[in-house]
Asker: 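Here it is, the structure, as structure tokens.
Here the structure is a predicted model, which means the values were calculated and not measured. Heavy atoms only: backbone and side chains are in, while hydrogens, waters and symmetry mates are out.
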Amino acid sequence: MAMVTAKLSSPATARLGPVRSAQPARRASLVRVRASGGSYADELVSTAKTVASPGRGILAIDESSATCGKRLASIGLDNTEVNRQAYRQLLLTTAGLGEYISGAILFEETLYQSTTDGKTFVDVLKDQNIMPGIKVDKGLVPLPGSNNESWCQGLDGLASRCAEYYKQGARFAKWRTVVSIPCGPTALAVKEAAWGLARYAAIAQDNGLVPIVEPEILLDGDHGIERTLEVAEKVWSEVFFYLAQNNVLFEGILLKPSMVTPGAEHKEKASPEAIAQNTLTMLRRRVPPAVPGIMFLSGGQSELEATMNLNAMNQSANPWHVSFSYARALQNSVLKTWQGQPENIEAAQKALLVRAKANSLAQLGSYTGEGESDEAKKGMFQKGYTY
């Protein structure tokens, strides 16, 4: 029988000396829980580092078929699989794209598509040393009990989907949820966003996919930049709390945050320097240096704004690779140039390279903004943007 020494507050009882325990003393046990990823851990770290490589960022072409249809409609094209395939082919077969792009987020349809010559888009990307990625969430739906806020669905069946995507060649994943400042945001919405992202991240890693963690703080609203900073700090604090609770391997994730900007309807615009200062302040307070890469979303900024702001954030050394994961801010000029005409494909691909190179320079802190077109300066904000 084990012997324990009782420490009692009463001097009289303390003098009784050793007391035999009626039960064996229980040793404190430490439950060891492995980080998510398991046998994929080394591969996850390698994938994340490849995506977060100097001078490169992500091309986000993961819009749903419906949203892609809206893009095509803007240039007078019908929303058919043939037209969607033609546009994806234009983007992904651009010669030299891999110099500036390290990863491409695809919609499920695109992951399984091929070029008109029969080469899979996955192989097209691999030939340019571009990592194929995949959107795995099932979209936003109303969050009951909230202030007209949303939550992201898609956890049901996620493990099996991720396993199939990995077999098809995907090596990273993306899950987008949103937080609205005009709606509060409520504590419920923030917690739901953070918990959903953490569960998704753990499941993705367990199936070999590097998760991009994306709680987008929408640009909607007339609030100042200080309010955005306050909300962003709260959201990312919750996100990393639940990522840790779910044993997510931080070295095997990527982040896709919003830049800390004033609301789109705020009366005063912020300079790139102010946006960089506030954004980096938030990141340094909330994001561990173990995270390899921070790939910003553009969130409806103009092509020029998104690039200028990224460049401002790379004027000093950062503990993470600070880069881009842009959709509209890489594609707007491309669509306008293409117009759905075969004879415009070469010019449209050149337009993509211009934008990709500009953001590559911004990742290196070397972008000047010289020679930008008027089209690049046009804002693309849409209130309550969904896809």
Side-chain angles (χ1 to χ4, degrees), residues 35-37 40-62 97-106 125-126 128-136 169-176 197 200-201 204-205 208-216 236 239-240 243 248-259 276 279-280 282-284 286-298 306-307 309-327 329-330 355-367:
S36 190
Y40 290 106
D42 291 343
E43 183 182 355
L44 292 168
V45 173
S46 176
T47 297
K49 286 182 177 179
T50 299
V51 176
S53 53
R56 300 205 297 168
I58 294 174
L59 171 64
I61 55 171
D62 56 306
L97 187 63
E99 184 177 350
Y100 313 116
I101 299 297
S102 56
I105 313 173
L106 311 177
L125 290 170
K126 288 180 177 178
Q128 291 226 54
N129 193 28
I130 299 174
M131 285 282 183
I134 179 68
K135 170 185 166 72
V136 298
R171 289 298 178 265
F172 68 98
K174 176 263 183 74
W175 175 288
R176 174 191 183 248
L197 285 165
Y200 136 76
Q205 286 191 339
L209 301 180
V210 168
I212 291 181
V213 178
E214 182 185 357
E216 180 178 352
W236 282 104
V239 167
F240 273 98
L243 287 172
V248 170
L249 178 67
F250 288 176
E251 291 87 350
I253 66 174
L254 297 166
L255 306 187
K256 188 169 179 176
S258 317
M259 297 179 189
T279 304
L280 292 174
M282 181 274 291
L283 294 174
R284 288 168 181 155
R286 293 294 182 263
V287 179
V291 174
I294 297 174
M295 324 298 285
F296 282 98
L297 59 89
S298 55
T307 309
N309 292 339
L310 177 63
N311 185 71
M313 281 184 271
N314 281 298
Q315 295 307 299
S316 58
N318 295 305
W320 337 267
H321 174 81
V322 175
S323 192
F324 59 93
S325 178
Y326 293 164
L330 280 173
R355 291 265 42 93
K357 182 178 180 179
N359 286 291
S360 170
L361 290 171
Q363 197 289 309
L364 299 170
S366 304
Y367 174 74

Asker: Restricting to non-hydrogen atoms, name the atom on Met313 and the atom on Thr279 that form the minimum distance, rounded to 0.1 Å.
Answerer: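 Nearest heavy atoms, Met313 then Thr279: SD-CG2, 3.6 Å.
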
Asker: Yes or no on side-chain contact (heavy atoms from CB on, under 4.5 Å) for Val213 and Val248, after CA distance, side-chain angles and deciding distance?
Answerer: CA-CA 11 Å; Val213 178; Val248 170; over 6 Å; no

Asker: Working to the nearest 0.5 Å, report the span between OG of Ser298 and CG of Asn359.
Answerer: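 Answer for the OG-CG pair, Ser298 versus Asn359, is 9.0 Å.
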
Asker: Nearest 0.5 Å please: distance from the CG atom of Asn311 over to the CZ atom of Phe324.
Answerer: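 These two atoms lie 12.5 Å from each other.
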
Asker: Checking Gln315 side chain against Gly365 main chain: does a donor-acceptor pair fall under 3.5 Å?
Answerer: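 Answer holds: yes.
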
Asker: For the pair Asn318 (side chain) and Asn314 (backbone), establish whether a donor and an acceptor sit closer than 3.5 Å, ignoring hydrogens and angles.
Answerer: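 No.
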
Asker: Any idea which heavy atoms bring His321 and Ala52 closest together, and the distance?
Answerer: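 Where His321 meets Ala52 most closely, the heavy atoms are CD2-CA, 3.4 Å.
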
Asker: For residues 43-53, which residue pairs pass the salt bridge (Lys or Arg N to Asp or Glu O under 4.0 Å) check, not counting sequence neighbours?
Answerer: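 Non-adjacent pairs meeting salt bridge (Lys or Arg N to Asp or Glu O under 4.0 Å): Glu43-Arg171.
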
Asker: What's the spacing between Leu254 CG and Trp320 CH2 if we round to 0.5 Å?
Answerer: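 Answer rounded to 0.5 Å: 14.0 Å.
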
Asker: May I ask you to test the Ser325-Leu297 pair for a side-chain heavy-atom distance under 4.5 Å?
Answerer: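 They are not in contact (no side-chain heavy atoms under 4.5 Å apart), so the answer is no.
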
Asker: Step by step, work out the side-chain contact (heavy atoms from CB on, under 4.5 Å) result for Ile212 and Ile58.
Answerer: CA-CA 11 Å; Ile212 291 181; Ile58 294 174; 3.8 Å; yes

Asker: Closest approach of Glu214 and Leu197, non-hydrogen atoms and distance?
Answerer: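 Minimum heavy-atom separation between Glu214 and Leu197: N-CD2, 3.7 Å.
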
Asker: Ignoring hydrogens, what is the shortest heavy-atom contact between Phe296 and Val322? Give both atom names and the distance.
Answerer: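 Nearest pair, atom of Phe296 first, then Val322: CE1-CG1, 3.6 Å.
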
Asker: Which atom names give the shortest non-hydrogen contact between Phe240 and Phe250, and what distance separates them?
Answerer: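 Minimum heavy-atom contact is CD2-CZ, 3.7 Å.
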
Asker: When the ring planes of Tyr200 and Trp175 are compared, do they come out parallel, tilted or perpendicular, using 30° and 60° as the limits?
Answerer: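 If you compare the ring of Tyr200 with that of Trp175, the planes turn out parallel.
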
Asker: Does the side-chain contact (heavy atoms from CB on, under 4.5 Å) test come out yes or no for Leu249 and Val45, once each step is laid out?
Answerer: CA-CA 9 Å; Leu249 178 67; Val45 173; 4.1 Å; yes

Asker: Side-chain contact test, heavy atoms from C-beta onward, threshold under 4.5 Å: evaluate it for Ile253 versus Val291 and give yes or no.
Answerer: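 Contact flag for Ile253/Val291 side chains = yes.
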
Asker: Just how far is it from atom CD1 of Ile130 to atom NZ of Lys126, taken to the nearest 0.5 Å?
Answerer: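 Ile130 CD1 to Lys126 NZ: 13.0 Å, rounded to 0.5 Å.
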
Asker: Do Leu44 and Glu251 pass the side-chain contact (heavy atoms from CB on, under 4.5 Å) test, and can you show the C-alpha distance, the side-chain angles, and the key distance before you say yes or no?
Answerer: CA-CA 8 Å; Leu44 292 168; Glu251 291 87 350; over 6 Å; no

Asker: Please report the closest heavy-atom contact between Met295 and Gly57, naming both atoms and the distance.
Answerer: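 Looking at all heavy atoms of both residues, the shortest contact is CE-CA, 4.0 Å.
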
Asker: What's the separation between atom OG1 in Thr47 and atom CG in Asp42, rounded to the nearest 0.5 Å?
Answerer: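 CG of Asp42 is found 10.5 Å from OG1 of Thr47.
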
Asker: First locate atom NZ of Lys256, then atom OH of Tyr326, and finally report the distance between them rounded to the nearest 0.5 Å.
Answerer: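 Answer rounded to 0.5 Å: 10.0 Å.
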
Asker: Just to verify, which of Thr50, Ile105, Val210 counts as forming a side chain to side chain contact (heavy atoms under 4.5 Å, CB included) with Met131?
Answerer: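 Passing option: Thr50.
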
Asker: Is there a donor-acceptor pair under 3.5 Å between the side chain of Arg56 and the backbone N or O of Tyr100?
Answerer: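 Not a single qualifying donor-acceptor pair exists.
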
